[in-house]
Q: 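If you scroll down you'll find the structure; I have some questions about it.
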Amino acid sequence: MDSFARKLPPAFFARDTLAVARALIGTYLVHRYRGRVRIGRIVETEAYLGPRDRAAHSSRGRTARTEVMFGQPGHAYVYFIYGMWHCLNVVAARAGTPHAVLLRALEPVEGITARSCGPGLLCRAMRIDRRFNGIDLSGDVLWLSPGVAPARPVRIGRSPRIGVEYAGEWAQRPWRFFDRDSDCISRPSN
DNA sequence: GGCACGATTGCT
DNA sequence: GCAATCGTGCCT
């Protein structure tokens with residue numbers, strides 16, 4: 001646990017969103033709640049670059065739901081989908097630019113007892129729901145950590161994003177990033 | 001107030 | 001291939 005107490009600094013998120021999505025691969029998501037600690041290693045992400053990117057929720061403008069994406073980088077955007085799943089995003093870039101990075105898969109490290117590969121399963125395994133929407137991800141409940149130095153360099157793969165065919169030309173952008181050596185990514189295409 | 005649909009998942 | 005299940009955005 002001590003290895004995961006360090007947090008990614010605000011500057012990590014306040015830069016180009018594709019760089020953030022790529023750099024998040026190999027970092028750790030930590031949730032501490034009532035003495036319980038759940039930790040997962042991030043192995044799959046997707047960048048959403050609204051409002052221009054038609055696959056991004058923020059492409060429809062500033063609404064109650066998308067409000068946090070227009071705010072501070074490093075905060076959580078959590079939404080509810082298909083009547084049963086939550087998805088966790090990290091707000092990136094700068095305030096006023098509604099970009100976010102969807103966390104799609106985690107390798108279990110500590111305290112995770114359910115499958116965590118896939119954005120919905122990730123939230124269920126980490127016990128994340130809309131109560132976390134808008135929180136600062138460098139706080140003391142849910143945070144991102146650089147963890148320990150990797151034994152070997154992370155090999156990054158890229159592909160188009162999953163499930164956004166409706167977004168036309170934007171669906172083809174290779175804005176999905178994953179750890180090529182992980183067997184825990186949510187779908188093949190690597 | 002009504003309605004179509006979704007950054008998913010698991011079962012057929 | 002498709003059902004489950006409901007918040008959101010958009011229309012009336």
Side-chain angles (χ1 to χ4, degrees), chain A residues 13 16-25 27 29 31 38 40-71 73-93 97-108 112-135 137 142 144 156-179 182-190:
Chain A
F13 309 100
D16 174 78
T17 303
L18 294 177
V20 174
R22 181 189 182 98
L24 279 171
I25 302 297
T27 66
L29 180 65
H31 182 194
R38 300 175 205 273
R41 179 174 177 274
I42 297 170
V43 294
E44 183 184 350
T45 62
E46 283 177 357
Y48 287 86
L49 279 56
R52 292 187 62 221
D53 170 13
R54 300 298 285 172
H57 290 170
S58 54
S59 70
R60 304 291 164 189
R62 195 166 185 156
T63 67
R65 181 175 66 147
T66 61
E67 181 64 27
V68 299
M69 274 195 279
F70 289 81
H75 286 224
Y77 166 50
V78 181
Y79 64 88
F80 185 64
I81 190 76
Y82 298 121
M84 60 185 93
W85 304 101
H86 296 277
C87 292
L88 171 65
N89 295 249
V90 181
V91 177
T97 300
H99 289 190
V101 176
L102 172 66
L103 304 188
R104 290 189 57 90
L106 296 179
E107 285 178 352
I112 294 181
T113 54
R115 280 170 300 167
S116 54
C117 303
L121 294 175
L122 180 158
C123 282
R124 193 168 70 179
M126 289 293 282
R127 304 293 197 273
I128 292 165
D129 60 33
R130 278 181 305 174
R131 290 174 297 185
F132 292 86
N133 190 43
I135 70 163
L137 286 172
L142 186 66
L144 290 151
I156 306 286
R158 291 182 71 158
S159 83
R161 295 168 294 180
I162 303 296
V164 296
E165 292 73 18
Y166 61 85
E169 58 174 306
W170 296 96
Q172 298 159 35
R173 305 291 179 109
W175 290 351
R176 172 176 179 245
F177 299 84
F178 53 89
D179 179 345
S182 176
D183 56 3
C184 180
I185 59 177
S186 65
R187 295 197 195 192
S189 83
N190 62 323

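Every chain is numbered from 1 and lettered A, B, ... according to where its sequence line falls, protein lines coming before strand lines. In this text the structure is predicted, and so the values were computed from the model without any measurement.
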Q: Looking only at the aromatic ring of each residue, does the gap between the centers of A/F132 and A/H31 stay below 6.0 angstrom?
A: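 Under 6.0 Å, so yes.
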Q: Suppose we screen for salt bridge (Lys or Arg N to Asp or Glu O under 4.0 Å). Which residues come up paired with A/R41, at least two apart in sequence or across chains?
A: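 Salt bridge (Lys or Arg N to Asp or Glu O under 4.0 Å) check on A/R41 returns A/E107, A/D179.
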Q: Given the rule that a pair is Watson-Crick or G-U wobble with both distances under 3.5 Å, how would you write DNA chain B in dot-bracket, using | for pairs to a different strand?
A: ||||||.||||.
Q: Please identify each residue that fulfils salt bridge (Lys or Arg N to Asp or Glu O under 4.0 Å) with A/E165, with sequence neighbours left out.
A: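 Counting only residues at least two positions away or on another chain, A/E165 forms no salt bridge (Lys or Arg N to Asp or Glu O under 4.0 Å).
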Q: Counting only side-chain nitrogens and oxygens, does A/R115 get under 4.0 Å of the OP1 or OP2 atom of B/dG10?
A: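 True: A/R115 side-chain N/O within range (under 4.0 Å) of B/dG10 OP1/OP2.
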Q: Can you find a side chain N or O atom of A/Y166 that sits less than 4.0 Å from OP1 or OP2 on B/dA7?
A: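 Looking at the OP1 and OP2 atoms of B/dA7, one of them is under 4.0 Å from a side-chain N or O of A/Y166.
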Q: Nearest-Å distance, CD (A/E44) to P (B/dT8)?
A: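 Computing the A/E44:CD to B/dT8:P distance gives 10 Å.
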Q: State which residues pass side-chain contact (heavy atoms from CB on, under 4.5 Å) with A/R60; sequence neighbours excluded, sorted by chain then number.
A: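 Partners of A/R60 under the side-chain contact (heavy atoms from CB on, under 4.5 Å) test: A/R54.
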Q: Give me the one residue out of A/H99, A/R161, A/R173 that meets side-chain hydrogen bond (donor to acceptor under 3.5 Å, both in side chains) with A/D53.
A: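 Of all the options given, the one that passes is A/R161.
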Q: Check for me whether A/R130 meets the cation-pi criterion with A/F80, that is, NZ or CZ under 6.0 Å from the six-membered ring centre and within 45 degrees of the ring axis.
A: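 Relative to the ring axis of A/F80, which defines the angle, A/R130 lies inside both limits.
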Q: Summarise protein proximity over nucleotides 5-12 of chain C in one line of letters, 5' to 3': B for base, S for sugar-phosphate only, - for none, counting protein heavy atoms closer than 4.0 Å.
A: BBSSSS--
Q: With side chains defined as the heavy atoms from C-beta onward, is the minimum distance between A/L142 and A/L29 less than 4.5 Å?
A: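 With C-beta onward as the side chain, the pair touches.
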Q: Think A/R104 has a side-chain N or O under 4.0 angstrom from the OP1 or OP2 of B/dT8?
A: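 A/R104 to B/dT8 OP1/OP2: side-chain N or O found under 4.0 Å.
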Q: Measure the distance from CG on A/L102 to P on B/dG6 and round it to the nearest whole Å.
A: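 A/L102 atom CG is separated from B/dG6 atom P by 16 Å.
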Q: Rounded to the nearest angstrom, tell me the gap between atom CZ in A/R54 and atom C1' in B/dG6.
A: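 Rounded to whole Å, this separation is 15 Å.
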Q: Could I get the full list of side-chain contact (heavy atoms from CB on, under 4.5 Å) partners for A/H75, not counting sequence neighbours?
A: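 So A/H75 forms a side-chain contact (heavy atoms from CB on, under 4.5 Å) with A/Q72, A/D136.
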